[in-house]
Number of protein chains: 2
Amino acid sequence: MTDSTAPRGGKRERLVTSAGERLHRKGVAATTLADIAQAADVPVGNVYYYFKTKDDLVRAVLEAQVDQVEAMLASFETLPQPVDRLKALVRRWDEMRDVIARYGCPFGTLASELDRRDDGLDLEAAGPIRRILEWAEIQIRQLGQPDARELAITLFAGVQGGALLAGALRDPNLMSGQVRHLERWIDTVAASSTQS
Amino acid sequence: MTDSTAPRGGKRERLVTSAGERLHRKGVAATTLADIAQAADVPVGNVYYYFKTKDDLVRAVLEAQVDQVEAMLASFETLPQPVDRLKALVRRWDEMRDVIARYGCPFGTLASELDRRDDGLDLEAAGPIRRILEWAEIQIRQLGQPDARELAITLFAGVQGGALLAGALRDPNLMSGQVRHLERWIDTVAASSTQS
DNA sequence: GTCTATAAGGCGATAGAC
DNA sequence: GTCTATCGCCTTATAGAC
């Protein structure tokens with residue numbers, strides 16, 4: 001039995017994967033369906049069998065990103081301490097430093113581009129980012145910090161700002177340095193917590 | 001005598017201003033020359049008298065942004081203390097919080113979109129950001145901090161990350177909260193400095 | 001279900017009248 | 001210098017063959 005979202009040959013899945021890659025590298029507006037279809041090895045006109053419009057395909061990429069985020073966050077749950085889970089989060093951006101220095105953070109750039117629209121896609125675009133902020137807030141609250149929301153924003157703003165500057169200056173080390181700074185910041189927050 | 005970059009009627013200037021606004025609100029790829037020309041009240045075909053290509057117009061917007069940054073930084077020079085100059089910088093993003101929550105930071109979003117190209121414009125795109133980082137580094141070094149570069153990056157990453165998250169979550173208060181956090185951070189850096 | 005061919009419209013850019 | 005008219009290309013999307 002085949003998953004309805006992944007038909008025989010996995011063409012739909014291939015299209016979403018290719019679209020995610022192309023959207024990250026060139027942006028939504030600059031990426032054509034022909035570009036995506038070619039990368040997925042699917043005939044251009046056939047895209048419309050799986051997605052009614054280009055925006056529908058972009059929506060599917062956003063949903064795939066949310067799934068990726070959920071999987072990433074779930075993998076951190078094996079770590080016993082909130083401090084280690086938070087550090088594992090920021091280290092992911094260090095691991096992605098080379099691609100970030102060239103094309104930016106996949107979540108940040110897509111959200112940034114879609115946010116400026118007013119057709120509904122702008123609201124869905126925040127999904128991956130919102131999910132990460134919620135998770136970070138929970139971890140920080142477990143450290144005993146009452147203002148966990150603000151601290152979560154400070155943390156992830158540091159991540160996203162670092163990614164943006166690393167991209168602008170084409171410098172992977174900028175991302176690494178920022179991640180190291182954030183790891184020390186996480187230690188400071190944990191040390192100042194009410195947790196015994 | 002008329003400045004060669006601002007002909008009679010200021011049509012070129014109007015085009016650059018309109019282009020800056022439209023590029024900020026819709027992005028480079030999604031903005032058409034017809035859109036820009038209409039906003040500037042200039043016939044579409046006439047754009048090519050002032051700019052050879054669309055990219056040339058984008059380049060002019062980048063140069064205008066650098067000029068705006070220079071003017072902003074120059075205005076801070078009247079403040080006697082580096083601490084106050086740095087706080088004045090981040091407060092500018094608080095003043096822009098409403099437009100940032102809707103369309104992002106004008107410098108950050110333009111750089112983020114252009115960075116992913118490979119036609120030369122991607123290198124020029126970092127101009128405004130690079131200038132701000134250089135200036136912040138100088139201020140922080142005046143505080144007596146030896147690692148002024150890293151601290152400047154941390155500061156401006158906080159600004160840009162806050163702008164990105166404020167845009168994604170459509171929340172001006174997120175930008176304000178982040179700026180207040182950065183002001184306290186500036187005080188901390190100043191307090192830990194070797195400056196007597 | 002899959003793919004080809006093509007429609008319909010919008011885009012950057014150009015030519016040339018005034 | 002300024003503007004109108006238009007070209008040629010590329011894009012999304014559709015119709016219909018297989």
Side-chain angles (χ1 to χ4, degrees), chain A residues 1-23 25-62 110 113-114 116-121, chain B residues 1-23 25-62 110 113-114 116-121:
Chain A
M1 184 173 173
T2 306
D3 185 342
S4 66
T5 61
R8 199 201 311 273
K11 287 191 182 175
R12 195 197 130 99
E13 194 183 354
R14 256 154 53 210
L15 280 170
V16 174
T17 303
S18 293
E21 189 192 358
R22 301 309 299 165
L23 260 42
R25 296 194 176 222
K26 296 201 63 176
V28 178
T31 300
T32 66
L33 290 174
D35 190 3
I36 295 168
Q38 190 178 13
D41 199 35
V42 168
V44 194
N46 200 4
V47 172
Y48 291 92
Y49 175 71
Y50 300 100
F51 304 96
K52 217 177 70 177
T53 64
K54 182 183 179 181
D55 281 357
D56 256 36
L57 180 48
V58 174
R59 230 179 296 269
V61 169
L62 275 172
L110 185 55
E113 183 175 359
L114 292 176
R116 292 182 276 176
R117 295 168 56 155
D118 58 351
D119 54 4
L121 217 51
Chain B
M1 186 174 173
T2 305
D3 185 343
S4 66
T5 60
R8 196 201 312 272
K11 288 192 183 176
R12 194 196 132 100
E13 195 183 354
R14 255 152 56 210
L15 281 170
V16 174
T17 303
S18 294
E21 190 191 358
R22 302 309 300 163
L23 261 41
R25 298 196 174 218
K26 297 202 61 174
V28 178
T31 300
T32 67
L33 288 175
D35 189 4
I36 294 168
Q38 190 177 13
D41 199 35
V42 169
V44 194
N46 199 4
V47 173
Y48 290 91
Y49 174 73
Y50 299 99
F51 304 96
K52 216 176 71 178
T53 64
K54 184 184 178 182
D55 281 358
D56 255 36
L57 179 48
V58 174
R59 230 179 296 269
V61 170
L62 276 171
L110 185 56
E113 183 175 0
L114 293 176
R116 293 182 277 176
R117 295 170 54 160
D118 59 351
D119 54 3
L121 215 52

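Bear in mind the structure is a predicted one, so any value in this text is a computation, not a measurement. Lettering of chains follows the sequences in order, A, B, ..., and the numbering in each one begins at 1.
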State, to 0.1 Å, how close B:Leu57 and B:Leu15 come at their nearest heavy-atom pair, and which atoms those are. CD1-O, 4.3 Å

For A:Lys54 and A:Ala29, the nearest pair of non-hydrogen atoms, with its separation, is NZ-O, 4.0 Å

Round to a whole Å and report the spacing from CG of B:Leu57 to P of C:dC11. 15 Å

Within this structure, what is the OH-to-C1' distance between B:Tyr49 and C:dT14, rounded to whole angstrom? 16 Å

Going 5' to 3' along nucleotides 11-18 of chain D, which nucleotides have protein heavy atoms under 4.0 Å from the base (write B), which only from the sugar-phosphate (write S), and which from neither (write -)? SSBB----

Can you give the donor-acceptor pairs under 3.5 Å from side chains of residues 34-46 of chain B to other protein atoms, not counting sequence neighbours?
from    : atom 1 : to      : atom 2 : distance (Å)
B:Asp35 : OD1    : B:Arg22 : NE     : 3.2
B:Asp35 : OD2    : B:Arg22 : NE     : 3.2
B:Asp35 : OD2    : B:Arg22 : NH2    : 3.3

Salt bridge (charged side-chain N to carboxylate O under 4.0 Å, His left out) for B:Asp55 and B:Arg117? Distances and angles first, verdict last. CA-CA 12 Å; B:Asp55 281 358; B:Arg117 295 170 54 160; 2.8 Å; yes

Is there a donor-acceptor contact under 3.5 Å from the side chain of A:Glu113 to the main chain of B:Gly27? no

For C:dT2, does OP1 or OP2 lie under 4.0 Å from any side-chain N or O of A:Tyr50? yes

Phosphate contact (D:dG1 OP1 or OP2) by B:Lys11 side-chain N/O below 4.0 Å: no

Could you run through DNA chain C and flag its stems, i.e. three or more consecutive Watson-Crick or G-U pairs with both distances under 3.5 Å? C:1-18 with D:1-18

Decide side-chain contact (heavy atoms from CB on, under 4.5 Å) for A:Arg12 and A:Tyr49; before the verdict, give the C-alpha distance in whole Å, the side-chain angles of both, and the deciding distance to 0.1 Å. CA-CA 9 Å; A:Arg12 195 197 130 99; A:Tyr49 175 71; over 6 Å; no

